[in-house]
Amino acid sequence: MTDQAPIVIVGTGLSGYSLARELRKVDKDTPIVMVTADDGVSYSKPMLSTGFTKDKDADGLAQASNEAMSEQLNVQVRTFTTVTGIDTDAKVLLLGDDRLNYSRLVLAWGADVIRLSLAGDGLEHVFSINDLIDYRTFRDALHGGKRVAVMGAGLIGCEFANDLRNGGYEVDVIAPSEVVMPGLLPEVAAGAVQGELETLGVRFHLGTEVTRVDREGEGVRLTLANGDTLEADLVVSAVGLRPRTELAKAAGIEVGRGIQVNRALETSAPDVYALGDCAEVDGHVLLYVLPLMACARALARTLTGERTEVRYGVMPVMVKTPCCPTAVAPPPHDAAGDWEIEQDGSNVKALFRSPEGDLLGFAVTGSYAVEKQALSKEMPPIHS
Ligand code: FAD
């Protein structure tokens, strides 16, 4: 029975659809069923933080309907279908009361947004944006508003702040860190991005956090831990993402920070694989597009009979803050070495070198951002 079962991919984000596309390049016929909790619309998630800059709303960012994807990829797409469990012994996916047999199962079900527990009666004005449906809800709610408070000064918080200013909104960013993008950028580069965002009109409230969100007229009043208050029409929460691991863990699959897979994207359960934002690949949790594309290419080969290990090269991240173009490839956490800094105003070139002088990481802002490619070539790949 199970032999005739399809390859089942859970998730129609960039990971799920990229894998299906890669599979169809080498195998036109094996039945593939894609299961998604959402509407299955194909879109590029990184574009969600560029909507105002590119003058595109949720419809403008949608690339193809689930029907179009189904036809293009010769796959069945089951939309608004939530996986509730996995029986790895019987090779069955549980969909509420329904069941779906699989021959091979691929988990590409992404990451959940972290939600802060806040006091106050205005929490319906707080929005997280992690997919196109969230984005549509946010844009609808924003209609007529002028002031947005962004919780979080990480990559996504900074990108939304820049984009919302480009859309003409007043923007306040609140975050407990003393700098923007801590952990991603060295301080000098973070200072450059923050400075350019401030020049653009973004107001930063760093070293503190939001404790309450209360209704105030049509909008909200935010109370900060430092005692300040500020008003906004709505609040964007961009305080981080956590790989979805619960269902895998409940099925007895090994999880760590993400669903643990080896370089062949194999989980601890036979014929179950994972990639994308939900996966911890060989110890790396990288919630970005380049890694998932590399995984999709490798996994497509494995699923069509040629077991293939993914090889991560250098994975620079472009930060979409057009007021201060920025690219970064952070050094490994445990790397020994020092930052060498060149700076001219908000143009920063920060190179992390080992004691032997090897380049292990970089962050470049402003006019130096164009050096991203050349610097990437100098760096050792993640997987040598
Ligand atoms: P997702 O796109 O989250 O897809 C998950 C899928 O699983 C969805 O279809 C969902 O419905 C489905 N699903 C979840 N749970 C279930 C369930 N129980 N049952 C059935 N289906 C389920 N990365 C970059 O490299 N560069 C960038 O510039 C960049 N910018 C970004 C900007 C923003 C605003 C955001 C939010 C992210 C950005 N990223 C960027 C990260 C990048 O977009 C993600 O790494 C990538 O899109 C993740 O894709 P995914 O398919 O793994 O997950």
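Keep in mind that what you see is a predicted model, and the values were worked out from it rather than measured. Side chains are part of it too, since the values below use all heavy atoms of this structure and drop only hydrogens, waters and symmetry mates. Read the numbers this way: they start at 1 and go in the same order the structure lists the ligands and their atoms.
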Check: R203 side chain, D172 main-chain N or O, donor-acceptor pair, under 3.5 Å: no
Looking at every non-hydrogen atom in both residues, tell me the closest pair between F52 and L164 and how far apart they are. CE1-CD2, 3.7 Å
Connected hydrophobic set around I133, excluding itself, where side chains approach under 4.5 Å: none
Give a table of atom pairs where an N or O of ligand 1 lies under 3.5 Å from a protein N or O.
from, atom 1, to, atom 2, distance (Å)
ligand 1, 2 (O), K45, NZ, 3.3
ligand 1, 3 (O), K45, NZ, 2.9
ligand 1, 9 (O), T12, N, 3.0
ligand 1, 9 (O), T12, OG1, 3.4
ligand 1, 9 (O), T36, OG1, 3.0
ligand 1, 9 (O), D38, OD2, 3.1
ligand 1, 11 (O), T36, OG1, 3.2
ligand 1, 11 (O), D38, N, 3.4
ligand 1, 11 (O), D38, OD2, 3.0
ligand 1, 18 (N), V83, O, 3.3
ligand 1, 19 (N), V83, N, 2.8
ligand 1, 21 (N), A37, N, 3.0
ligand 1, 25 (O), V289, N, 2.8
ligand 1, 28 (O), K320, NZ, 2.5
ligand 1, 30 (N), K320, NZ, 2.8
ligand 1, 45 (O), D277, OD1, 2.7
ligand 1, 45 (O), D277, OD2, 3.4
ligand 1, 45 (O), L287, O, 3.3
ligand 1, 45 (O), Y288, N, 3.4
ligand 1, 51 (O), L14, N, 3.2
ligand 1, 51 (O), S15, N, 2.9
ligand 1, 51 (O), S15, OG, 3.1
ligand 1, 52 (O), S15, OG, 2.7
ligand 1, 52 (O), D277, N, 3.0

If you take the centroid of each ring, where Trp contributes its six-membered ring, are Y43 and Y135 closer together than 6.0 Å? no
Is it the case that the side chain of T302 and the backbone of T308 share a donor-acceptor pair, with hydrogens and angles ignored and the cut-off at 3.5 Å? yes
Look only at the side chain of N74 and the backbone of R24, and say whether a donor-acceptor pair between them is shorter than 3.5 Å. no
